[in-house]
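Remarks on the structure that follows.
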Protein chains: 2
Amino acid sequence: MEAEEHDKRKCPSHISTTECTKMILPVKDALDILSGKWKLQIILSLSFGKKRFKQIQREIPGLTPKMLSKELKELEINGLASRQVYDTLPVSVEYELTSYGKTLKPLIGELHKWGTKHRKRIIGRK
Amino acid sequence: MEAEEHDKRKCPSHISTTECTKMILPVKDALDILSGKWKLQIILSLSFGKKRFKQIQREIPGLTPKMLSKELKELEINGLASRQVYDTLPVSVEYELTSYGKTLKPLIGELHKWGTKHRKRIIGRK
DNA sequence: AATACCGGTATACTTTAGGAAACCAGCTTT
DNA sequence: AAAGCTGGTTTCCTAAAGTATACCGGTATT
């Protein structure tokens, strides 16, 4: 049987499997930053301006301080958000999207565009 | 204290919190389709042509039949991949990206672009 | 004097994603 | 006759993600 022909169609012949995997890494990085139950909502919230901790929490029903704290740290580590402490009494802390963080917007926009079409296609309209 | 001003900067005033949440749903839909440990690799594999079940499994080291089966079903349900059974002996089954599934490419391309910049920025160069 | 606000942390729990191994029927190869 | 191929399913288990609840010190309000 000459069904062998199929077996050659994996990746393009000049590209090894491990190289394919490498191509995927940056995509995964981007996805990691956006996925998780609360990240998008937090990013969206910050995209409307500086926000304080409790303020974000109040805006997003169901979000616990533990999760918020964890996600904000990740955003900070990735350079997407900044944290500023003011020594008012009691201390106030403001979080803000960095200009780098704002570069996520067009990306999220693309996801939104595709997702909207997909919604219409699968779920029916809406 | 008139720190009240901050409290108005949630979502734009003409948009309610629930409406903000709705804006996020399509983005989540798109993310759901791409996230998970194996989906990207499976999609990439299929993007190079029709593939049979075991063939995909062989190409992606570590991928168990259970996960592959589950992910392929999801792709099918979402209209992104098609499944064709040929009644050869033993039966052979071929999976293929639908033309709709191929519309994911530019989206993945955007994620790749952003992710690549992010890698350089955070991890240092590559 | 008690309560509420701020920005969180700590501990314990549940839920979900994913992995490992065995198994199925029916055919082919050794 | 035994082992391997096909395309999967089933069961059991672990690791990770997320939730619930209580708590902290310090100030302000009632």
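Chain letters run A, B, ... following the sequence lines, proteins first, then strands; residues in each count from 1.
- One interatomic measurement links the two molecules: CG of L89(A) to P of dG7(C), which rounds to 13 Å at whole-angstrom precision.
- Annotation: the span from I108(A) atom CD1 to L34(A) atom CG amounts to 5.0 Å, rounded to 0.5 Å.
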Could you list the protein-to-nucleotides 3-6 of chain C atom pairs, N/O on both sides, closer than 3.5 Å?
unit_1, atom_1, unit_2, atom_2, d
dC6(C), OP1, R58(A), NH2, 3.1
dC6(C), O3', R52(A), NH2, 3.1

N/O-N/O pairs, protein side and nucleotides 10-13 of chain C side, under 3.5 Å:
unit_1, atom_1, unit_2, atom_2, d
dA12(C), N6, K66(A), NZ, 3.3

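- Whole-Å rounding puts the I60(B) CD1 to dG18(C) C1' distance at 15 Å.
- When side chains are defined from C-beta on, M67(A) counts as touching E71(A), because their heavy atoms get closer than 4.5 Å.
- No side-chain donor-acceptor contact under 3.5 Å links K51(B) to the backbone of E94(B).
- For the pair L63(B) CG and dG7(D) C1', the interatomic distance rounds to 13 Å; values are reported in whole Å.
- With sequence neighbours excluded, the residues forming a side chain to side chain contact (heavy atoms under 4.5 Å, CB included) with P65(A) are F53(A), Q57(A), listed by chain and number.
- Whole-Å rounding puts the L68(B) CG to dA21(C) P distance at 18 Å.
- The CG atom of L72(B) sits 10.5 Å away from the OG atom of S82(B) when rounded to the nearest 0.5 Å.
- The side chain of M67(B) lies closest to dG18(C), out of dG18(C), dG8(D), dC27(C).
- In this structure the side chain of L46(B) reaches within 4.5 angstrom of the side chain of I56(B), judged on heavy atoms.
- Under the 3.5 Å distance criterion, the side-chain polar atoms of T116(B) are left unmatched by any main-chain donor or acceptor of P26(A).
- Proximity of residues 32-42 of chain A to DNA chain D (heavy atom under 4.0 angstrom from any strand atom) is restricted to G36(A), K37(A), W38(A).
- Within residues 70-83 of chain A, the residues that have a heavy atom under 4.0 Å from DNA chain C are, in order of number, K73(A), R83(A).
- Rounding to the nearest 0.5 angstrom, the gap separating the CG atom in L68(A) from the CG atom in L63(A) is 5.0 Å.
- Sorted by first and then second residue, the side chain to side chain donor-acceptor pair (under 3.5 Å) pairs with a member in residues 100-109 of chain B read W114(A)-T103(B), H118(A)-Y100(B); sequence neighbours excluded.
- When rounded to the nearest whole Å, the span between CD of Q57(B) and C1' of dT6(D) equals 12 Å.
- With sequence neighbours excluded, the residues forming a side chain to side chain donor-acceptor pair (under 3.5 Å) with S92(B) are T88(B), listed by chain and number.
- Residues in residues 23-38 of chain A take part in these side chain to side chain donor-acceptor pair (under 3.5 Å) pairs, two or more places apart or across chains: D29(A)-R119(B).
- At least one side-chain nitrogen or oxygen of S69(A) sits closer than 4.0 Å to the OP1 or OP2 atom of dT9(C).
- Residue Y86(B) places none of its side-chain N or O atoms closer than 4.0 Å to OP1 or OP2 of dG7(D).
- With sequence neighbours left out, E110(A) forms a side chain to side chain contact (heavy atoms under 4.5 Å, CB included) with K113(A), L107(B), E110(B).
- A salt bridge (Lys or Arg N to Asp or Glu O under 4.0 Å) check over residues 73-85 of chain A, counting only residues at least two apart or in different chains, returns the pairs K39(A)-E74(A).
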